[in-house]
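To keep things clear, I will list the structure first and then write my remarks on it.
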Amino acid sequence: NGMPVDMYSDWWLPRWRQRSPTYNATTEECDSSVDTKGQSLWKRQINPGSGEECIPLTYQEKVGVTAPYSYDAGLAAGYALHNVLHVQNKSTFTNQDLMDAYVNVNFFGATGLVQFRNDSLDKGRYVGIQYEFTNFRGNMELGFEYVGTW
């Protein structure tokens with residue numbers, strides 16, 4: 001298959017480390033990247049009553065053991081959503097539609113081969129499936145900020 005045996009060390013982590021820092025201490029500027037709604041990716045109101053602060057990330061910090069799994073989960077969700085929205089051309093869909101699309105997901109991610117078996121999805125997991133979206137607030141003390149549920 002031509003892919004390195006250790007996807008995390010040989011592929012994902014070096015690419016993570018090559019990213020540009022979110023904060024430049026010399027110029028005191030924060031990365032100006034925004035999401036699709038125009039909200040800053042790296043500026044947040046950390047303390048009530050204060051202005052927005054930059055969440056400094058150098059990409060040299062110690063990476064938690066769950067980071068590559070989170071990365072792969074995001075990619076898997078993206079591939080499944082792409083299948084439903086662009087391959088099947090559905091403008092609305094159900095959890096069942098999305099779970100069916102996950103069966104077609106197959107890629108090499110940070111943790112190696114990522115794929116889903118139909119029999120693993122047939123054990124009553126279609127019922128009550130929901131995704132909770134959160135944003136990491138910059139450090140473990142601040143934790144996560146709830147964004148929404150889908």
Worksheet item: Atom CG of D10 and atom CZ of R15: how far apart are they, to the nearest 0.5 Å?
Response: 9.5 Å
Fill in: F107 vs D72 side-chain heavy atoms within contact, under 4.5 Å
yes
Discussion item. For a 4.5 angstrom cut-off between non-hydrogen side-chain atoms, does N83 reach Y102?
Written reply: no
Worksheet item: If you count the non-hydrogen atoms of other residues, nucleotides and ligands that lie under 6.0 Å from CD in Q60, is the total more than 12?
Response: yes
Discussion item. To the nearest 0.5 Å, what is the distance between CD on E53 and CZ on R44?
Written reply: 12.5 Å
Worksheet item: Taking the side chain from N47 and the backbone from S50, do they hold a donor-acceptor pair closer than 3.5 Å?
Response: no
Discussion item. Quick check against the 3.5 Å criterion: does T22 have a side-chain atom that pairs as donor or acceptor with the backbone of L57?
Written reply: yes
Practice prompt. Measure across P68 and A110 and return the closest heavy-atom pair with its distance rounded to 0.1 Å.
Written response: CB-CB, 3.6 Å
Discussion item. The test is side chain to side chain contact (heavy atoms under 4.5 Å, CB included); show your working for V63 and R17 and say whether it passes.
Written reply: CA-CA 10 Å; V63 178; R17 297 270 188 248; 3.9 Å; yes
Worksheet item: Is it the case that one hydrophobic cluster holds both W12 and V105, taking links as side-chain heavy atoms less than 4.5 Å apart, direct or via other members?
Response: yes
Worksheet item: Any chain of hydrophobic side-chain contacts (each under 4.5 Å) joining V114 to Y71?
Response: yes
Practice prompt. Let me see the working for L113 and N106 under side chain to side chain contact (heavy atoms under 4.5 Å, CB included), right down to the final yes or no.
Written response: CA-CA 7 Å; L113 179 62; N106 186 330; 3.3 Å; yes
Worksheet item: Distance from R19 atom CZ to D31 atom CG, nearest 0.5 Å?
Response: 8.5 Å
Worksheet item: Side chain of D97, backbone of T94: donor and acceptor closer than 3.5 Å?
Response: yes
Worksheet entry | Same apolar cluster (I L V M F W Y, side chains within < 4.5 Å links), F108/Y69 | no
Discussion item. Listing request: all ring pair (Phe, Tyr, Trp, His ring centres under 6.0 Å) pairs with a residue in residues 18-65, at least two apart in sequence or in separate chains.
Written reply: W16-Y59
Item to complete: Identify the two heavy atoms, one from C30 and one from K43, that lie closest to each other, and give their separation to 0.1 Å.
Response: CB-CE, 3.6 Å
Fill in: Interatomic spacing from CG in L75 to OG1 in T111 - rounded to 0.5 Å
9.5 Å
